[in-house]
Amino acid sequence: MSAAARPGAPAAAPLLVACALRIERAALGGGRGAPPGTTVLRTGMGPRAAERAVVRALAAPELAGAAVLATGFCAGLVPGMHPGDLVVAEEARDPRGAVPCTGAGRLAEALARAAPGRTVHTGVLTGSDHVVRGQERARLRAGGAIGVDMESAATLWAATRTAGPGGGIRPVAAVRVVVDAPEHELVRIGTLRGGISAFRVLRALLPAFHDWHRSSPLPRR
């Protein structure tokens with residue numbers, strides 16, 4: 001029996017799963033069926049909206065000390081990536097710097113179990129305030145990033161601005177599903193098919209997020 005399951009044991013810290021778009025939240029079941037203590041938040045598009053929404057959510061007493069996981073779709077930067085591939089951030093970057101992620105290896109293993117047959121990439125996830133195409137993708141890739149989206153870095157910066165349980169460091173992570181890649185850009189034929197593939201993959205991931213949360217050495221309330 002786990003510590004959380006023993007009578008009188010302290011409750012696990014809650015988990016906040018943040019995504020930007022209505023379709024991403026729909027893929028995550030709209031929050032329905034999420035494990036107890038898990039909140040699925042739609043932040044709105046862009047880094048400013050994400051940061052505001054996450055700061056506001058974490059001010060709620062029921063999310064005090066919550067671990068935070070940013071998710072949704074992204075653009076893949078590595079040649080050979082395909083729609084439906086997964087990107088697990090080892091760190092999330094934006095112009096402010098980098099936010100290290102918690103337990104990226106454990107999270108990648110849980111995702112591989114949740115989405116068998118899908119390729120899981122680990123590395124740097126970089127932030128942008130606009131859709132990235134063409135040569136800008138190549139520049140970001142040359143800087144060491146494997147994926148780009150508009151909200152993950154802002155979400156994790158917002159999460160780390162406030163302390164975790166007991167004043168400690170709040171556990172954070174980011175997982176993105178590739179919706180387009182260098183050979184499969186959004187402007188090309190096949191975008192719809194790639195979007196459907198990414199949606200189906202994201203729909204399967206909530207249990208893996210819970211596994212990461214449960215298996216990480218998270219502080220207890």
**Prompt:** Given the rule in the side chain to side chain contact (heavy atoms under 4.5 Å, CB included) test, do C74 and V178 qualify, once you have shown the distances and angles that lead to the verdict?
**Reply:** CA-CA 5 Å; C74 76; V178 174; 4.1 Å; yes
**Request:** Side-chain contact test, heavy atoms from C-beta onward, threshold under 4.5 Å: evaluate it for T71 versus V17 and give yes or no.
**Result:** yes
**Message:** Tell me every residue that passes salt bridge (Lys or Arg N to Asp or Glu O under 4.0 Å) with R139, counting only those two or more places apart in sequence or in another chain.
**Reply:** E136
**Message:** Quick check: closest heavy atoms across A57 and L63, and the distance to 0.1 Å?
**Reply:** O-CD1, 3.4 Å
**Message:** Suppose the criterion is salt bridge (charged side-chain N to carboxylate O under 4.0 Å, His left out): which pairs have a residue in residues 88-103, not counting sequence neighbours?
**Reply:** E51-R96, E91-R93, D94-R96
**Prompt:** V54 and A18: which non-hydrogen atoms are nearest, and at how many Å?
**Reply:** CG2-CB, 4.3 Å
**Message:** So, using side-chain contact (heavy atoms from CB on, under 4.5 Å) as the criterion, who are the partners of A174 when residues are at least two apart?
**Reply:** A70, A89, L125, S152, L156
**Item:** Partner set under side-chain contact (heavy atoms from CB on, under 4.5 Å) for H121, not counting sequence neighbours
**Value:** M81, D85, T119, I146
**Message:** Give me the atom names and distance for the closest heavy-atom approach of A13 to G65.
**Reply:** CB-O, 3.6 Å
**Request:** Give the cluster check for V177 versus L206: same hydrophobic cluster or not, with ILVMFWY residues linked at side-chain heavy-atom distances below 4.5 Å.
**Result:** yes
**Asked** Taking the side chain from W212 and the backbone from T102, do they hold a donor-acceptor pair closer than 3.5 Å?
**Response** yes
**Asked** Once you round to the nearest 0.5 Å, how far does CZ of F209 lie from NE2 of H213?
**Response** 13.0 Å
**Request:** Sequence neighbours left out, what passes side chain to side chain donor-acceptor pair (under 3.5 Å) with S128? Give chain and number order.
**Result:** H130
**Message:** Please list all pairs meeting salt bridge (charged side-chain N to carboxylate O under 4.0 Å, His left out) that have one or both residues in residues 145-160, counting only residues at least two apart or in different chains.
**Reply:** D149-R176, E151-R176
**Item:** V175/L202 under side chain to side chain contact (heavy atoms under 4.5 Å, CB included): CA gap, chis, key distance, verdict
**Value:** CA-CA 9 Å; V175 174; L202 184 58; over 6 Å; no
**From CA spacing to verdict: side chain to side chain contact (heavy atoms under 4.5 Å, CB included), T160, R170** = CA-CA 6 Å; T160 56; R170 187 187 301 279; 5.6 Å; no
**Message:** If hydrophobic clusters are built by linking Ile, Leu, Val, Met, Phe, Trp and Tyr wherever their side-chain heavy atoms come under 4.5 Å apart, do F73 and V124 end up in the same one?
**Reply:** no
**Request:** Can you sort out the partners of R118 under side chain to side chain donor-acceptor pair (under 3.5 Å), two or more places apart, ordered by chain and number?
**Result:** S197
**Request:** Taking all non-hydrogen atoms of both residues into account, name the closest pair between L58 and A159 and its distance.
**Result:** CD1-CA, 3.8 Å
**Prompt:** Going from CG on L28 to CZ on F199, what distance comes out if it is rounded to the nearest 0.5 angstrom?
**Reply:** 8.5 Å
**Prompt:** Taking only residues two or more places apart in sequence, or in another chain, which ones meet R200 in a side-chain contact (heavy atoms from CB on, under 4.5 Å)?
**Reply:** I196, R203
**Request:** Drop me the distance from T38's OG1 to L15's CG, to the nearest 0.5 angstrom.
**Result:** 4.5 Å
**Message:** To the nearest 0.5 Å, what is the distance between CZ on R56 and CG on L41?
**Reply:** 8.0 Å
**Complete:** Note: A92 and A153 closest approach over all heavy atoms is CB-CA, 3.9 Å
**Message:** Within the 4.5 Å heavy-atom criterion, are V172 and T155 side-chain neighbours or not?
**Reply:** no
**Request:** Taking atom CG of L21 as the centre, report whether more than 12 heavy atoms of other residues, nucleotides or ligands fall under 6.0 Å from it.
**Result:** yes
**Request:** Could you give me the CA-CA distance, side-chain angles and deciding distance for L69 and L107, then say whether side chain to side chain contact (heavy atoms under 4.5 Å, CB included) is met?
**Result:** CA-CA 11 Å; L69 188 148; L107 182 51; 4.3 Å; yes
**Complete:** Of all heavy-atom pairs linking P47 and A154, the shortest is O-CB, 3.4 Å
**Fill in**
Residue set satisfying side-chain contact (heavy atoms from CB on, under 4.5 Å) with R113, at least two apart, ordered chain then number -> E109, A110, D211
